[in-house]
Amino acid sequence: MNFLFFDAESIHKKHKYSYTFGYVLTDENFNVIKSEDIVFNPDLTEDEYDWRVVRTMMEPSYYLKDVNKKSKFTSFYTKIKRLVGGENTLCIGFQTESDVKYLLGNCFRYNLDSINFKYVDIRDIIAELTHEKVNGLAIEYVKWVHKTPELSHTSVIDAMMTCDVLKNVLTKYKVDLKDFLQIHSNMMYEVKDYCYISNGETRDVRINYPSTHVKINGVRYHNPQGKKKDWIVTFSVNLLLFERYIKFVEIKNNTESLFQNKKVSISSNYENYNYKNMVKIVKLLADMGATYTRGISKADILITYDSVVDEEGKIMPCSKWNYVKNLKNDAKIDVMSFDEFLKCLNINRKELDNMEDVDLEYLKDEKYSKM
């Protein structure tokens with residue numbers, strides 16, 4: 001049997017995913033066969049980083065700008081799955097719950113099959129043999145190995161420290177690991193189908209950590225969460241469905257209205273942050289014989305919107321409005337305010353908010369990606 005000592009690190013704000021997987025593979029006598037620090041692009045937006053962790057724990061062991069240039073987890077999935085899931089391999093870690101959660105979170109995030117494996121947390125072994133409280137890895141390393149931990153905080157170094165601690169503990173108590181685990185089988189844990197054990201209870205990553213990414217027609221899209229759930233952002237599900245709806249919504253050509261046969265575009269100050277209402281507006285325009293366009297250069301009418309202030313208190317400029325202001329005098333783009341526009345639609349802001357949402361789930365069908 002081989003032992004695979006492993007560790008993973010996370011810089012995600014809610015600690016769902018890892019950006020490293022370090023391991024040290026040994027034989028039964030703890031002779032190192034291979035060690036490696038697998039580092040991958042965390043693939044996070046700026047607001048998803050835990051910047052305190054980035055500043056205090058990630059650097060200088062890893063530099064974010066360099067890590068972001070790496071390949072994503074999907075490029076290493078098969079390799080990691082093969083490493084930890086070998087029939088003759090036992091995975092061993094220190095405070096393994098977090099490492100397991102990160103690893104499963106990565107798999108679920110990218111719609112990959114769960115990586116299933118058996119593992120041991122050496123804290124259980126130390127506690128059983130010493131009947132003492134187990135401290136953090138660095139403290140236990142000094143206690144059992146009698147060395148100062150390396151300053152560099154990398155996954156592969158933590159995995160090696162875990163190996164050294166366990167080896168010295170077993171040596172002092174004259175214990176064979178395989179024999180010990182046969183007696184204490186309750187210390188053997190198993191990851192299966194996104195589930196793992198925490199404090200004696202089964203935890204399911206799919207329930208506790210819903211994916212922020214989904215795969216549609218073979219392509220991965222960001223699924224906005226929290227306050228951004230109603231935003232239309234690059235590479236998001238909202239943007240995909242919104243653009244498909246603009247393309248496939250039925251236009252009623254036999255309707256006489258102010259907007260008939262017109263192309264309407266709304267200020268990015270509203271469009272980017274009101275996905276559900278924008279879908280409603282597209283439908284209302286279609287019912288009046290008009291089409292919606294995100295590109296202002298193709299528009300006949302621009303709908304302006306109130307100034308929007310960012311988190312730092314600065315007014316966010318609308319690129320569409322700037323475009324119109326910079327046009328020559330002979331440009332034929334009409335401009336009206338958002339409230340004037342709604343009045344032409346015979347509704348107000350509150351009524352728009354209270355309108356029933358338009359279900360766009362059908363647009364996820366692959367046929368709409370090819371039409």
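Everything numeric in this text was worked out from a predicted model, so none of it was measured.
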> Closest heavy-atom contact between Y62 and D37?
Replying inline: OH-OD2, 2.6 Å
> Hey, do the aromatic rings of Y119 and Y196 have their centres closer than 6.0 Å?
Replying inline: no
>> If we ignore hydrogens and angles and just use 3.5 Å, is the side chain of K320 paired with the main-chain N or O of R294 as donor and acceptor?
In response: yes
>> Within the 4.5 Å heavy-atom criterion, are L64 and E59 side-chain neighbours or not?
In response: yes
> Taking NZ, NE, NH1 and NH2 as the nitrogens, is one of them in E361 or K364 under 4.0 Å from a carboxylate oxygen of the other?
Replying inline: yes
>> To the closest 0.5 Å, what do you measure between OH (Y245) and OH (Y368)?
In response: 11.5 Å
> Can the ring centroids of Y77 and Y110 be said to lie less than 6.0 angstrom from one another?
Replying inline: no
> Can any side-chain N or O of T171 pair as donor or acceptor with the backbone N or O of K167 at less than 3.5 Å?
Replying inline: yes
> So does K283 pair up with D287, basic N to acidic O under 4.0 Å?
Replying inline: yes
>> Among residues at least two apart in sequence or on other chains, which ones pass salt bridge (Lys or Arg N to Asp or Glu O under 4.0 Å) with K81?
In response: none
> Short question: side chain of S114, backbone of Y194 - any donor-acceptor pair under 3.5 Å?
Replying inline: yes
>> Looking at every heavy atom in both V145 and N168, which two are closest together, and how far apart are they?
In response: CA-ND2, 3.5 Å
>> Could you check whether any side-chain heavy atom of E150 comes within less than 4.5 Å of a side-chain heavy atom of M160, counting everything from C-beta outward?
In response: no
> So which heavy atom on N135 is nearest to which on E140, and how close?
Replying inline: N-OE2, 2.8 Å
> Counting N and O atoms only, with roles assigned by atom type, does the side chain of D7 sit under 3.5 Å from a partner on the main chain of A159, one being a donor and the other an acceptor?
Replying inline: no
>> Between F338 and N269, does the side chain to side chain contact (heavy atoms under 4.5 Å, CB included) criterion hold? Intermediate values first, please.
In response: CA-CA 11 Å; F338 188 73; N269 283 346; over 6 Å; no
> Does A299 offer a backbone N or O that forms a donor-acceptor pair with the side chain of S265 under 3.5 Å?
Replying inline: no
> What is the minimum heavy-atom distance between K262 and L258, and which atoms define it?
Replying inline: CG-O, 4.0 Å
> Do other residues, nucleotides or ligands put more than 12 heavy atoms under 6.0 Å from the CE atom of M188?
Replying inline: yes
>> Under a 4.0 Å threshold between the charged nitrogen and the carboxylate oxygen, would D121 count as salt-bridged to R123?
In response: yes
> Is a side-chain donor or acceptor of E48 paired with a backbone partner of H12 at a separation under 3.5 angstrom?
Replying inline: no
> Between CH2 of W231 and OG of S236, what distance do you get to the nearest 0.5 Å?
Replying inline: 11.5 Å
> Should L177 and L166 count as side-chain neighbours, where that means a heavy-atom distance under 4.5 Å?
Replying inline: yes
> Would you say the side-chain atoms of D204 pair up with the backbone N or O of C195, donor to acceptor, closer than 3.5 Å?
Replying inline: no
>> For the backbone of F21 and the side chain of S155, can you confirm whether one donor and one acceptor N or O come within less than 3.5 Å of each other?
In response: no
> Once the angle between the rings of F30 and F5 is folded into 0 to 90°, is it parallel (under 30°), tilted (30 to 60°) or perpendicular (over 60°)?
Replying inline: tilted
> M187 and I125: which non-hydrogen atoms are nearest, and at how many Å?
Replying inline: SD-N, 4.1 Å
>> Assigning hydrophobic clusters by single linkage (Ile, Leu, Val, Met, Phe, Trp, Tyr; side-chain heavy-atom cutoff under 4.5 Å), is V219 placed with L239?
In response: yes
> Is it true that K280 and D357 have a side-chain N and a carboxylate O under 4.0 angstrom from each other?
Replying inline: yes
> When hydrophobic residues are tied together by side-chain contacts of less than 4.5 Å, even through go-betweens, does M161 share a cluster with I38?
Replying inline: no
>> With rounding to the nearest 0.5 angstrom, report the CG to CZ distance, N29 to F3.
In response: 8.5 Å
>> Keeping T20 on the side-chain end and G22 on the backbone end, is there a donor-acceptor pair under 3.5 Å?
In response: no
>> Taking the side chain as everything from C-beta on, heavy atoms only, tell me whether Y323 gets closer than 4.5 Å to S297.
In response: yes
> Do T26 and N31 pass the side chain to side chain contact (heavy atoms under 4.5 Å, CB included) test, and can you show the C-alpha distance, the side-chain angles, and the key distance before you say yes or no?
Replying inline: CA-CA 5 Å; T26 76; N31 296 309; 5.8 Å; no
>> Let me confirm one number: the NZ-NZ distance from K16 to K101, rounded to the nearest 0.5 Å.
In response: 10.5 Å
>> Applying a strict under-4.5 Å side-chain criterion to I, L, V, M, F, W and Y, I'd like to know whether V156 and Y19 cluster together.
In response: no
>> Would you compute the distance between atom CG of N238 and atom CG of N272 and round it to the nearest 0.5 angstrom?
In response: 11.5 Å
> With sequence neighbours excluded, what pairs up with Y49 under the side-chain hydrogen bond (donor to acceptor under 3.5 Å, both in side chains) test?
Replying inline: N68
> Measuring from S185:OG to F180:CZ, what's the distance to the nearest 0.5 Å?
Replying inline: 11.0 Å
> Of the options W321, Y275, Y305, F341, which is the one that meets Y270 in a ring pair (Phe, Tyr, Trp, His ring centres under 6.0 Å)?
Replying inline: Y305
> Stepwise, does the side chain to side chain contact (heavy atoms under 4.5 Å, CB included) test hold for D193 with N116?
Replying inline: CA-CA 7 Å; D193 298 331; N116 301 330; 4.0 Å; yes
>> Are K34 and Y23 packed together at the side-chain level, in the sense that at least one heavy-atom pair is separated by less than 4.5 angstrom?
In response: yes
> Is there a side-chain contact between V191 and I115, using heavy atoms and a 4.5 Å cut-off?
Replying inline: no
> Do F117 and T89 come within less than 4.5 Å of each other through their side chains, counting heavy atoms only?
Replying inline: no
> Does the distance from a Lys or Arg side-chain N to an Asp or Glu carboxylate O, for D47 and K228, drop under 4.0 Å?
Replying inline: yes
>> Run Y292 and E271 through side chain to side chain donor-acceptor pair (under 3.5 Å) and show every step you take.
In response: CA-CA 11 Å; Y292 186 80; E271 180 186 80; 2.5 Å; yes
> Salt bridge or not for E132 and K143, using N-O below 4.0 Å?
Replying inline: yes
>> Hydrophobic clusters here meaning ILVMFWY residues chained together by side-chain heavy-atom distances under 4.5 Å, can you tell me if Y141 and I92 are in one?
In response: yes
> After noting the C-alpha distance and the side-chain angles of S18 and D99, does the key distance pass the side chain to side chain donor-acceptor pair (under 3.5 Å) rule?
Replying inline: CA-CA 8 Å; S18 69; D99 305 309; over 6 Å; no
> Does the side chain to side chain contact (heavy atoms under 4.5 Å, CB included) test come out yes or no for M336 and I303, once each step is laid out?
Replying inline: CA-CA 5 Å; M336 67 172 62; I303 311 302; 3.3 Å; yes
>> Using side-chain heavy atoms (C-beta onward) and a distance below 4.5 Å, is W144 in contact with K172?
In response: yes
>> Checking D66 now: which residues fulfil salt bridge (Lys or Arg N to Asp or Glu O under 4.0 Å) with it, not counting sequence neighbours?
In response: none
> Looking only at heavy atoms, what is the nearest atom pair of P149 and V142, with distance?
Replying inline: CD-CG2, 3.7 Å
> What about F248 and V282, same hydrophobic cluster or not, with Ile/Leu/Val/Met/Phe/Trp/Tyr joined at side-chain heavy-atom distances under 4.5 Å?
Replying inline: yes
>> Check whether F73 forms a cation-pi arrangement with R109 (NZ or CZ under 6.0 Å from the six-membered ring centre, at most 45° off the ring normal).
In response: no
> For atom CZ of F235, is the number of surrounding heavy atoms from other residues, nucleotides or ligands below 6.0 Å larger than 12?
Replying inline: no
>> Please check this pair: side chain of D50 against backbone of K14, looking for a donor-acceptor N/O pair closer than 3.5 Å.
In response: no
